[in-house]
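In what follows, a structure is listed as structure tokens, so that the remarks can point back to it.
In what follows, chains carry the letters A, B, and so on, assigned in the order in which the sequence lines appear, proteins first and then strands, with residues in each chain numbered from 1.
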Amino acid sequence: MVSARKVFDEMPERNRVSWNAMIVGFLRNEFYEQGVEFFREVVRESSVSPDQVSVSSVLSACANMGAVEFGREVHGVVVKHGLETLAYVKNSLMDMYSKCRCFDHTIKLFRIMGDKDRDIVSWNVVTSGCVTNHNFEDACNYFWVMRKEGIRPDEASYSSVLSASASLAALDQGTLIHDQIIKSGFMRSSCVTSSLITMYSKCGNLIDACCVFEENEDRNVVCWTAMIAAYQQHGCVNQVFESFREMLGEGVKPNYITFVSVLSACSHAGLVEEGFELFNSMTKTHGIIPGHEHSACIVDLLGRAGRLDEARRFIESMPIIPHSSIWGALLGACRNHNNLEMGREVAEKLFYLEPNNPGNYVLLSNIYTNNGRLKEADEVRRLMGLNGVRKEPGCSWIDVKNKSIVFTAQDKSHSRTDEIYEILRKLEELIESEGYVSETQFPNGIVEASRENSLWYHSEKLALAFGILTLPVKAPIRIKKNLRTCQHCHTVLKFASCIFGREIVVRDINRFHRFTNGSCSCGDYW
DNA sequence: TTAGGGTTAG
């Protein structure tokens, strides 16, 4: 860029194309701030007025930086120069607002546009914007409306809708879209195949994820990372490392995200030394500066291994200010190892850093409960209420005959409630006869009857019982849950997979669990 | 000289 600038400065005459070429050059090299500054220069000093090329490019830079204030300024420039009628510019404005988390503005502009002006990019901006803003159902709806309007999806449309399907664990929809992709000839797009791998993986279907990967000849780092992440999510640690080695062997350079998955695999497998080796190799060998996600993996790695003091020292020695996710990993470890003293200290930090996150209150309350200190546990729950923080009520979904049935905890609204509860009562007896002792039996011998009772009627167990009642005998039972599944449900589902001889797949807020023959793909680490 | 898309865990 330095040489480009020199050439530009020495030019006897500069026109709109040379100004724009400079802006585009900055952006292509990811010098977003310089690109924006250069645009300012154009507007301020040059006699040449900006056109759709310069504003679209600079809006893309604002989107990448999340710089909504400057984006608004550019919007003003757009109006001043009468560029707002151009589709290219409108799409860029919509995308800028979407990526700057002002999605309402995106939708407003999209509605104003009307059917005639909307092109495939406009639809893709809105669909991907829904995904970015976690409105996955809306993303799918926009995709299907677009199809109804007769617009042919392209790679970007398929990638976004597959990403939404993955987040919703919507396997039927994802499979239907896969068929459409094959028919429309987009299977060669690495962008589409990596989304397909992730969709199948996050829907609990590792075999199809592998098939898509194997059939794809042109594997770039994103495809490899998608496959490595899939193995990691399914608890296949050996395949994670095998794939990682194979990827390096093929000369594909790992990226920031690849390392998150590989480090996470180390953590789940308890491979502390290997994890540190990989973490150190990021900077030394691969030129990637570790970020918060990687540091959280290391804390998790040490925490799971019970090395809590080392985990804390690691955080305190970090060259960056630790993000709440890093302290969160340590609090999770305190919960797993019942470390009340450290748990209290870490929770205090987290209450300050993210006062509205109910998860931290719940974890501290659980630490107290597991130490038999029920009064303090209730006190934490009360504090949570006083601070106006509310835990989202748990819900589980199960699809039966193309209909989605929702259950909440202790739900008795379903017409087959009696049968559902009867199945759970029988399951409880069977599990107890196998010698299972509930985790509500505390070390000091306290058993809390009401808690025990309510644990048995968590939403995923109700969904499980409904699945057993209604699905064919050999069919897998697929359940989705809006929160993390609890220890009790996890244990019961393991037993259930064995007792009923069924594959049970539970997709919770963080990951999914595939229960077969009494064990879970997460290896009991989640 | 221009806009949109894939891979992350807790």
Rounded to the Å, how far apart are A:Tyr158 OH and B:dT7 P?
-> 17 Å
Is A:Tyr88 stacked on the base of B:dT2, with ring centres under 5.5 Å apart and planes under 30° apart?
-> yes
Out of B:dT7, B:dG10, B:dA9, which nucleotide sits closest to the side chain of A:Glu293?
-> B:dA9
Heavy atoms under 4.0 Å, any strand shown: does A:Asn220 hit a base, just sugar-phosphate, or nothing?
-> base
Nearest to the side chain of A:Asn91 - B:dT8, B:dG10, B:dA3?
-> B:dA3
Taking atom P of B:dT2 as reference, at what distance in whole Å does atom CD of A:Glu84 sit?
-> 23 Å
Residues A:Lys183 and A:Asp179 bridged, charged N to O under 4.0 Å | no
In whole angstroms, the gap separating P of B:dA9 from CG of A:Leu302 amounts to 19 Å
Hey, does A:Ser325 reach any base, or is it just sugar-phosphate, or nothing, if we go heavy atoms under 4.0 Å?
-> nothing
How about A:Leu162 and A:Thr198: do any of their side-chain heavy atoms sit closer than 4.5 Å?
-> no
Using a 4.0 Å heavy-atom cut-off across all strands, classify A:Asp119 as base, sugar-phosphate, or nothing.
-> base
Check whether any side-chain N or O of A:Ser201 sits under 4.0 Å from OP1 or OP2 of B:dT7, and answer yes or no.
-> no
Indicate, with a heavy-atom threshold strictly under 4.0 Å, whether A:Arg118 touches base, sugar-phosphate, or nothing.
-> nothing
Name the nucleic acid region contacted by A:Thr258, choosing base, sugar-phosphate or nothing; use a 4.0 angstrom heavy-atom cut-off, strictly under.
-> nothing
Roughly, in whole Å, what's the span from CZ in A:Phe259 to C1' in B:dT8?
-> 14 Å
Quick note, A:Lys202 side chain, CB onward, closest among B:dG10, B:dG6, B:dT8 is B:dT8
Between A:Arg188 and A:Glu215, is there a salt bridge with N-O shorter than 4.0 Å?
-> no
Would you mind classifying the nucleic acid contact of A:Ile120 as base, sugar-phosphate or nothing, using non-hydrogen atoms under 4.0 angstrom?
-> base
Could you state the CE-C1' distance from A:Met113 to B:dA3, rounded to the nearest angstrom?
-> 10 Å
May I have the distance from A:Phe213 (atom CZ) to B:dG6 (atom C1'), rounded to whole angstrom?
-> 14 Å
Keeping the roles fixed (side chain from A:Arg511, backbone from A:Cys522), state whether a donor-acceptor pair exists under 3.5 Å.
-> no
Using a cut-off of 4.0 Å on non-hydrogen atoms, how would the nucleic acid contact of A:Ser194 be classed: base, sugar-phosphate, or nothing?
-> base
Report which part of the nucleic acid A:Ala229 touches: base, sugar-phosphate, or nothing (heavy-atom distance under 4.0 Å, all strands).
-> sugar-phosphate
How are the rings of A:Phe143 and A:Tyr158 set to each other: parallel, tilted or perpendicular (split at 30° and 60°)?
-> tilted
Atom NE2 of A:His292 and atom C1' of B:dA9: how far apart are they, to the nearest Å?
-> 14 Å
For A:Asn510, answer base if it contacts any base atom (sugar-phosphate contacts may also be present), sugar-phosphate if it contacts only those atoms, and nothing otherwise; contact means non-hydrogen atoms under 4.0 Å.
-> base
Picking from B:dT1, B:dG6, B:dA3, the nucleotide nearest the side-chain atoms of A:Cys191 would be B:dG6
A:Val222 has its side chain closest, among B:dT2, B:dT7, B:dA9, to B:dT7
Could you tell me whether A:Glu242 and A:Arg245 make a salt bridge, using a distance below 4.0 angstrom between a side-chain N and a carboxylate O?
-> no
Of the nucleotides B:dT2, B:dT7, B:dA9, which has the atom closest to the A:Ile257 side chain?
-> B:dT7
When you check the phosphate oxygens OP1 and OP2 of B:dA9, does a side-chain N or O of A:Gln232 lie under 4.0 Å from one of them?
-> yes
The side chain of A:Gln233 lies closest to which of these nucleotides: B:dT8, B:dG6, B:dA3?
-> B:dT8
Quick one: label A:His323 by what it contacts on the DNA or RNA (base, sugar-phosphate, nothing), any heavy atom closer than 4.0 Å.
-> nothing
In whole angstrom, what separates A:Arg484's CZ from B:dA9's P?
-> 14 Å
Side chain of A:Asn255 (C-beta onward), nearest among B:dT1, B:dG6, B:dT7 | B:dT7
Quick note, A:Arg304 side chain, CB onward, closest among B:dT2, B:dA9, B:dG10 is B:dG10
Select base, sugar-phosphate, or nothing to describe what A:Arg511 touches, counting heavy atoms under 4.0 Å on all strands.
-> sugar-phosphate
A:Asp117/A:Lys90 salt bridge by N-O under 4.0 Å criterion = yes
